Structures are given as C-alpha cells and as structure tokens.
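Scope of the values below: all heavy atoms of this structure, side chains included, with no hydrogens, waters or symmetry mates. Only a predicted model underlies this, so the values are computations on that prediction, with no experimental measurement involved.
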2 protein chains.
Amino acid sequence: MGITKTESYTDQTLMLAGLFKALGHPARLAILQYISKQSSCICGDIVSELPLSQASISRHLQELKTVGLIKGEISGTSVCYCLNNEHIPYVSQFLIQFQTPNNPTCCS
Amino acid sequence: MGITKTESYTDQTLMLAGLFKALGHPARLAILQYISKQSSCICGDIVSELPLSQASISRHLQELKTVGLIKGEISGTSVCYCLNNEHIPYVSQFLIQFQTPNNPTCCS
DNA sequence: TAATTATATCGCAATATTACGATTAAATAA
DNA sequence: TTATTTAATCGTAATATTGCGATATAATTA
C-alpha cells in the first residue's frame with residue numbers, strides 16, 4: 001500500500017527508521033557532506049553544487065530538518081543551514097549490534 | 001518524478017544511500033534485529049514475529065539481501081537467513097564525519 | 001506419485017517519493 | 001514604494017514503495 005504499519009513498531013525503531021530513510025537518498029547524503037565540509041554555516045549555494053532545482057534542494061533540506069539532521073536559521077534573505085549531530089550517536093550505536101562477527105557456520 | 005538522478009552521484013554515495021534506504025523501514029530494522037538476536041541462522045519464522053504477511057516479509061528480505069545486509073541459504077524447504085555485516089563498517093565510518101561538535105556560532 | 005511445507009513471485013491497489021516549473025513570501029536594496 | 005534576492009510552497013507528472021491475496025516453485029514427506 002505504500003503505507004507503513006507504523007503502529008506496530010516501537011518509537012525507537014520508528015525514529016531510527018526515519019533517520020535512515022532520510023539518509024537513504026544520494027542527494028541528501030551529498031547535501032549533508034557539503035554542509036559538513038564547510039567550516040561555518042552555508043546557505044543555499046547547495047543549489048549550485050548539486051544538479052537539482054532549487055525547489056528540489058529545498059524539499060530535501062526540509063526532510064533533513066524534519067528528522068533533525070540539520071538546523072536552519074534565517075539570516076537576511078537567505079537561510080543558513082548547519083548540521084545537527086544530536087541524533088548521529090543513536091544511529092551509530094544502533095549499528096554496533098550488527099558488527100558482531102558473522103557466524104561462520106551460517107550462510108557460507 | 002519518484003526517480004533519482006543516479007548518474008549525478010559517485011558510486012560510493014549511491015551505495016551508501018542504498019544501504020541507508022534499506023535500513024529506512026521499521027520492518028526491515030525489526031527483521032535485522034530479529035536475525036541478529038538469534039545465535040544461529042533462523043528461517044522464515046520472522047513471519048510469525050512481525051505483523052506482516054509472508055509475501056511482505058519475503059519482499060523485505062529480498063531488499064535486505066539485494067543491498068547485502070543479509071545472506072540467505074536454502075536448507076530443505078526453508079531458507080536460512082543471517083546477517084552479512086560486510087558493509088556495516090562503511091556505514092559507520094561514513095557517519096563519523098558528522099560527529100564533529102556542532103558549530104556553536106551556527107544555527108543556535 | 002501426491003500431498004505438504006516453506007518461500008518467492010505476480011498482479012493489483014493505495015500511498016509515497018522525487019523532481020521541476022511556477023508562484024508565493026519575506027527580507028533587503030534601490 | 002518598487003525592485004531584487006532567496007528560499008519555501010503549490011501543483012502536477014512520473015516513478016517507487018508498501019502490502020496483500022493468490023499463485024508458482026522447490027524440496028520434503030507420506
């Protein structure tokens with residue numbers, strides 16, 4: 001149905017899935033890397049960095065903001081975006097459980 | 001368009017985005033956690049663990065397998081799935097760049 | 001061989017995502 | 001006030017995802 005049975009999962013699982021989902025698009029990864037590369041806040045010159053329209057970049061930025069991966073602040077006519085790394089540790093921590101050695105007797 | 005301009009990104013970015021995307025659904029996170037919880041290979045009793053139909057679970061398993069997050073091996077009439085942690089370090093490594101301290105002069 | 005079991009795939013419907021041009025809104029500059 | 005600049009939002013079209021019932025496939029068992 002293209003709709004997810006969200007009521008069946010814990011809040012934590014839903015939150016993590018939301019973060020992963022936001023990270024699950026190459027444009028958003030590129031945006032995050034570009035913002036992270038800058039030492040200070042950058043503004044909408046992401047548009048000139050990526051081969052997407054202003055409208056599309058803006059939508060991706062909103063998605064990243066919604067899940068809390070970036071913050072934005074109006075400054076004049078432009079908007080300054082920067083990383084919000086608050087949630088990154090949860091994501092990294094979650095992945096650790098999958099870093100145990102592969103079971104050698106299993107699915108060779 | 002619901003289609004991504006994949007030709008604009010590096011293979012590495014596309015691969016990471018694919019992994020994040022696969023992780024970006026609560027059912028798939030739940031499946032991974034369930035598989036990881038078992039000490040040995042488990043089979044399709046994931047179906048009885050999650051509130052999804054056999055067809056839907058099977059689809060999610062295929063997606064996880066496609067991006068290489070799990071491996072599957074036929075054993076009798078059933079199929080044994082287990083984690084493939086091969087790609088996890090890339091994902092974790094990628095996230096490290098975002099773990100630098102937030103710029104305090106930026107987007108208070 | 002026929003039935004059973006376990007899983008994958010097909011076909012479909014509902015919803016979501018992606019992208020963009022056009023428009024709107026809000027702040028600044030002329 | 002009127003332009004200009006910058007970014008968000010609207011509307012639309014194309015494609016993707018999610019989910020399930022039904023069916024197919026493949027190995028096992030009777």
Asker: Just jot down the ring pair (Phe, Tyr, Trp, His ring centres under 6.0 Å) partners of B:H60, sequence neighbours excluded, or say none.
Answerer: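 Once residues adjacent in sequence are excluded, the partners of B:H60 under the ring pair (Phe, Tyr, Trp, His ring centres under 6.0 Å) criterion are B:H25.
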Asker: C:dA19 P sits how many Å from A:Q62 CD, rounded?
Answerer: 15 Å
Asker: Sort and list the pairs that fulfil side chain to side chain donor-acceptor pair (under 3.5 Å) and have at least one residue in residues 9-19 of chain A, not counting sequence neighbours.
Answerer: A:T10-A:T13
Asker: Which residues within residues 14-22 of chain B lie with some heavy atom under 4.0 Å of an atom in DNA chain D?
Answerer: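 Per residue number, the list reads B:K21.
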Asker: With a 4.0 Å cutoff (strictly under), does any side-chain N or O of A:H25 reach OP1 or OP2 of C:dA19?
Answerer: yes
Asker: Taking all atoms of both residues into account, what is the closest heavy-atom pair of B:A27 and B:L52, and its distance?
Answerer: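 Looking at all heavy atoms of both residues, the closest pair is CB-CD1, 3.7 Å.
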Asker: Parallel, tilted or perpendicular: which fits the ring planes of B:F94 and B:F98, with parallel below 30° and perpendicular above 60°?
Answerer: perpendicular
Asker: Rounded to the nearest 0.5 Å, how far apart are NZ of B:K71 and CG of B:N84?
Answerer: 5.0 Å
Asker: Report the distance from atom CG of A:L83 to atom CG of A:L69, rounding to the nearest 0.5 Å.
Answerer: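 Nearest 0.5 Å value for the CG-CG distance: 8.5 Å.
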Asker: Whether A:K5 contacts D:dC20 is assessed here as follows: a side-chain N or O lying under 4.0 Å from the phosphate OP1 or OP2. Is that the case?
Answerer: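 Yes, such a contact exists.
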Asker: How would you label the contact of A:S58 with the nucleic acid (heavy atoms, under 4.0 Å): base, sugar-phosphate, or nothing?
Answerer: base
Asker: State the NZ-NZ distance between A:K21 and B:K21, to the nearest 0.5 angstrom.
Answerer: 10.0 Å
Asker: According to side-chain contact (heavy atoms from CB on, under 4.5 Å), who are the partners of A:S53, at least two apart in sequence or on a separate chain?
Answerer: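 A:S53 satisfies side-chain contact (heavy atoms from CB on, under 4.5 Å) with A:A55, A:S56 once adjacent residues are dropped.
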Asker: Give a yes or no answer on whether the side chain of B:S58 reaches the backbone of B:Q54 with a donor-acceptor pair at less than 3.5 Å.
Answerer: no
Asker: With side-chain contact (heavy atoms from CB on, under 4.5 Å) as the test, would you mind laying out the steps for B:L23 and A:L23 before giving the verdict?
Answerer: CA-CA 9 Å; B:L23 291 164; A:L23 292 164; over 6 Å; no
Asker: Write down the distance between CD1 (A:I70) and C1' (D:dA7), rounded to a whole number of angstrom.
Answerer: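 Spelled out: CD1 on A:I70 to C1' on D:dA7 is 13 Å.
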Asker: Any side-chain N or O of A:Y81 less than 4.0 Å from the OP1 or OP2 oxygen of D:dT6?
Answerer: no
Asker: Give me the distances for all protein-to-nucleotides 28-30 of chain C N/O pairs that come in under 3.5 Å?
Answerer:
none

Asker: In Å, rounded to the nearest 0.5 Å, how long is the span from CG of A:L29 to CE of B:M15?
Answerer: 12.5 Å
Asker: C:dT7, D:dG19, C:dA19: which one has an atom nearest the side-chain heavy atoms of B:V79?
Answerer: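 Of the candidates, C:dT7 comes closest.
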Asker: Hey, which sits more toward the 5' end of DNA chain D by its nearest nucleotide, A:K65 or B:A27?
Answerer: A:K65
Asker: Rounding to a whole Å, what distance do you find between A:L61:CG and D:dA7:C1'?
Answerer: 10 Å
Asker: Using a cut-off of strictly less than 4.0 Å between a heavy atom of the residue and any atom of DNA chain C, enumerate the qualifying residues of residues 47-56 of chain A by number.
Answerer: A:L52, A:S53, A:A55, A:S56
Asker: Rounded to the nearest 0.5 Å, how far does CD1 of A:I70 lie from CG of A:N85?
Answerer: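 A:N85 CG to A:I70 CD1: 13.0 Å, rounded to 0.5 Å.
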Asker: Kindly say if B:H60 contacts the phosphate of D:dG19, meaning a side-chain N or O under 4.0 Å from OP1 or OP2.
Answerer: yes
Asker: If you check every side-chain atom of B:T4, which of C:dA19, D:dG19, D:dA8 has the closest atom?
Answerer: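 Of the options given, the side chain of B:T4 lies nearest C:dA19.
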Asker: Take the protein atom CZ of B:R59 and the nucleotide atom P of D:dT23, then report the distance between them rounded to whole Å.
Answerer: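 Between P of D:dT23 and CZ of B:R59: 18 Å.
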